[in-house]
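Everything below concerns the one structure shown next.
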Number of protein chains: 2
Amino acid sequence: MNSKKKRRVTLQDVAKAAGVSRATASLIVRGSPKISAATREKVLGKMNELGYVYDRVAANLRSKQSTTVGLLITEIANPFFSELLDGITAELEKEGYTIILGTTSDSYDKQERLLATMLENRVAGILWTPVSASTAETTKQLIHSQLPVVQVGREITGSTFDYVGIDNRAGAELVISYLVKEGHRRIAYLGGPSAASPWRERISSYKQALLQAGLDVDPSLIVESVATREGGRMAMAEILTRESRPTAAFCFNDIVAIGAMQELKGRGLTPGVDMAIVGFDNVEEASIFTPRLTTVSSFPRMIGTEAAKLLHQRIDDFARPAERIILEPELHIRESSQVRL
Amino acid sequence: MNSKKKRRVTLQDVAKAAGVSRATASLIVRGSPKISAATREKVLGKMNELGYVYDRVAANLRSKQSTTVGLLITEIANPFFSELLDGITAELEKEGYTIILGTTSDSYDKQERLLATMLENRVAGILWTPVSASTAETTKQLIHSQLPVVQVGREITGSTFDYVGIDNRAGAELVISYLVKEGHRRIAYLGGPSAASPWRERISSYKQALLQAGLDVDPSLIVESVATREGGRMAMAEILTRESRPTAAFCFNDIVAIGAMQELKGRGLTPGVDMAIVGFDNVEEASIFTPRLTTVSSFPRMIGTEAAKLLHQRIDDFARPAERIILEPELHIRESSQVRL
DNA sequence: TTGAAAGCGCTACCAA
DNA sequence: TTGGTAGCGCTTTCAA
């Protein structure tokens with residue numbers, strides 16, 4: 001730290017310069033109406049003159065308040081999360097909160113560290129996408145801290161925090177019934193970390209929809225991976241080794257789907273001709289890729305906005321009943337799934 | 001706020017429970033070696049038992065320190081910025097800083113508000129991409145506050161803060177000399193906000209490179225726009241109205257280039273056949289689009305990492321001379337520019 | 001409407 | 001090595 005930094009101008013300094021008490025000056029910075037216009041003018045003038053900067057840290061300490069919220073997200077690079085982040089920050093900033101950001105890279109330890117830091121920094125609440133390895137222990141600590149918590153996009157099994165997400169089961173159901181209607185009988189499920197709640201919800205609905213259509217669930221058509229393009233490539237590579245190839249692949253998300261399509265292209269196969277590919281999320285890349293990707297909207301920006309609103313409400317009233325906001329997905333049929341069987 | 005929230009456990013409480021003084025307990029939480037193992041054990045045990053959470057806000061107030069840095073970025077949705085953000089947060093978290101995030105949407109007022117908030121929150125330093133409308137006045141205020149400041153990707157003209165960015169002039173030079181070598185004589189410059197420093201650096205180099213190649217600079221081939229896909233579409237639409245069409249377009253960034261290519265496709269023209277398209281940044285989409293986009297790497301993640309390191313150094317030593325780190329761009333030749341003239 | 005005094009939770013400083 | 005006291009910059013409370 002720099003040693004001969006100018007001393008910060010305090011409210012005390014301003015008060016003395018203006019010839020009023022500290023308390024009066026304090027009321028003025030907070031815009032209290034009980035101060036005469038003349039005094040206010042005089043004090044505000046001095047503040048400007050001295051270059052006074054309000055010390056919110058000290059104020060929050062004294063008043064036991066906090067205008068800061070913690071935001072914990074797994075990764076930024078995935079456009080689903082960057083759009084989510086965009087929605088969250090826009091709403092939180094509008095509501096006047098200051099945001100402390102942390103990224104976990106889906107690591108349990110990093111999540112623990114970041115949560116601890118946020119608690120130490122007296123955040124008023126936490127908005128997060130819990131890492132897939134989160135446990136009941138994680139939940140317990142947060143509950144014990146009595147902090148407003150909203151889960152976004154993913155949830156810890158058995159937790160009772162507010163939650164905003166997409167209806168993953170309905171989304172998978174839309175996809176499978178569409179593919180079945182198109183005549184597909186062998187539909188793979190590709191990519192994604194099985195520890196995350198969306199993965200489990202989607203696959204459970206995938207299986208159920210297959211059974212309802214009178215089809216078997218073939219475990220060899222289910223390939224897990226990390227939720228990246230590279231993961232998509234690897235999952236597709238593996239599925240292509242099966243003796244009897246699937247005619248369609250439902251991918252965990254758009255990024256995985258794009259990786260899968262790249263793998264197909266790399267082998268001289270054409271997505272949308274040799275195999276139907278469907279994604280999930282409807283990120284921007286989905287409509288930019290050739291062929292354009294059939295996918296399900298999961299409205300990350302709207303999820304972010306709703307989650308931020310929910311956190312605001314919970315901070316206002318900690319005792320209110322837990323709320324779950326589940327958005328309805330929409331299927332977007334594009335060229336990647338138009339296979340003639 | 002919830003009214004009957006449990007009182008926070010303080011160091012005082014811990015000290016009393018353990019039968020030591022507050023000062024001793026304080027030394028222990030900070031890991032001082034001057035405490036006997038027995039006392040330490042006893043106190044740490046009590047902390048656990050009582051569920052003590054360190055109050056960094058109070059500690060920072062007292063010690064006049066700060067472990068928080070402000071991060072101000074124009075937008076998250078553009079992959080250039082999300083990759084930049086990724087690089088910055090990874091490095092800052094590694095260095096132990098807590099990050100306050102703000103997004104400006106390139107709005108001057110929002111930037112002012114967010115900067116004020118960060119100052120009020122006693123950040124130890126600021127890492128930012130100044131909005132394009134930033135002025136000398138903005139600079140003056142920050143200098144007056146004596147805060148460590150690092151500019152990322154963009155800089156305010158005449159400012160003397162540390163800066164990390166790409167060599168925009170070299171990047172534009174690479175592109176134009178390549179296109180000229182390919183035989184292009186009419187090369188458009190599309191998209192981007194002319195108020196931002198990268199835009200000005202690139203166009204100045206574009207003009208110079210044309211002149212050096214013995215070509216004229218035709219102002220009707222320069223179309224400004226917002227730096228979005230939509231902006232790219234509009235810029236392309238406009239350039240197509242020119243009586244004598246350009247054979248190549250150098251776009252402000254990849255997002256603009258993709259918009260421009262979509263506009264071409266929408267009119268039945270083929271990028272890479274009917275017109276050569278070159279972007280800037282080399283974001284992931286660039287190699288996903290068909291045709292794959294010829295572009296210049298601007299290494300946002302690395303810029304982020306370097307900027308975070310620089311801020312760390314400046315916080316350590318405020319008096320050190322201002323540093324400028326300019327990364328060398330690389331041209332990636334792909335299909336979008338392979339036009340047979 | 002304004003002022004004086006106390007104290008938020010912590011660290012700094014000095015004494016023991 | 002440990003403890004007592006003062007005080008970071010602000011808000012709160014009560015009195016004037």
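Every chain is numbered from 1 and lettered A, B, ... according to where its sequence line falls, protein lines coming before strand lines.
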- prompt: Do the side-chain N or O atoms of B:Ser21 get closer than 4.0 angstrom to the phosphate oxygens (OP1, OP2) of D:dG3?
  reply: yes
message: Less than 4.0 angstrom between a side-chain N/O of A:Ser26 and OP1 or OP2 of D:dC10, yes or no?
response: no
query: Counting just side-chain N and O atoms, does B:Arg30 come under 4.0 Å of either OP1 or OP2 of C:dA12?
result: yes
field: N or O in side chain of A:Ser36 less than 4.0 angstrom from C:dT2 OP1/OP2
entry: yes
query: Start at the 5' end of DNA chain D and walk down; is the nucleotide closest to B:Ala23 or to B:Ser63 reached first?
result: B:Ala23
- prompt: Taking 4.0 angstrom as the limit, do A:Glu95 and A:Lys309 come out as a salt bridge?
  reply: no
message: So, does B:Lys64 get its side chain near the phosphate of C:dT11, meaning an N or O under 4.0 Å from OP1 or OP2?
response: no
message: A:Thr104 vs A:Ser107, test: side chain to side chain donor-acceptor pair (under 3.5 Å). Steps then yes/no.
response: CA-CA 5 Å; A:Thr104 56; A:Ser107 145; over 6 Å; no
Exercise: do A:Gln111 and A:Thr138 side chains pair donor with acceptor under 3.5 Å: no
query: CG of B:Leu27 versus P of D:dT1: gap in Å, rounded?
result: 11 Å
- request: Please state how far atom CD in A:Gln65 lies from atom P in D:dG9, giving the value in whole angstrom units.
  value: 21 Å
task: Round to a whole Å and report the spacing from CG of A:Asn60 to P of C:dG9.
output: 13 Å
- prompt: Hey, does A:Val57 reach any base, or is it just sugar-phosphate, or nothing, if we go heavy atoms under 4.0 Å?
  reply: nothing
- request: Send over the distance from B:Lys34 NZ to C:dC13 C1', rounded to a whole Å.
  value: 11 Å
Distance-only polar pair, side chains of A:Asp106 and A:Thr74, donor-acceptor under 3.5 Å: no
query: Which whole-number value in Å describes the distance from B:Arg8 CZ to C:dC10 P?
result: 7 Å
- prompt: Which whole-number value in Å describes the distance from A:Gln12 CD to D:dC10 P?
  reply: 9 Å
query: If only side-chain N and O atoms of A:Thr39 are considered, is one of them under 4.0 Å from the OP1 or OP2 phosphate oxygen of C:dT2?
result: yes
- request: Return the 5'-most residue of the pair B:Ile35, B:Arg122 with respect to DNA chain D, ranking by each residue's nearest nucleotide.
  value: B:Ile35
message: Classify A:Arg22 by what it touches in the nucleic acid, base, sugar-phosphate, or nothing, heavy-atom distance under 4.0 Å.
response: base
- prompt: Given D:dC8, is OP1 or OP2 found less than 4.0 Å from the side-chain N or O atoms of A:Thr10?
  reply: no
Donor-acceptor contact below 3.5 Å, side chain A:Arg40 vs main chain A:Ile35: yes
- prompt: Can you list the steps and then say if A:Ile143 with A:Thr139 is a side-chain contact (heavy atoms from CB on, under 4.5 Å)?
  reply: CA-CA 6 Å; A:Ile143 288 178; A:Thr139 310; 3.8 Å; yes
task: Could you check whether B:Leu61 gets within reach of a base, just the sugar-phosphate, or nothing at all, counting any heavy atom under 4.0 Å?
output: base
query: Looking across every strand, which nucleic acid part, if any, lies under 4.0 Å from B:Ala59 by heavy atom: base, sugar-phosphate, or nothing?
result: sugar-phosphate
message: Nearest whole Å is fine: how far is C:dG7 P from B:Asp55 CG?
response: 18 Å
message: Quiz question: going by heavy-atom distance under 3.5 Å, is there a donor-acceptor pair between the base of D:dG9 and the side chain of A:Arg62?
response: no
message: Between P on C:dC10 and CZ on B:Arg56, what's the gap in Å once rounded to a whole number?
response: 12 Å
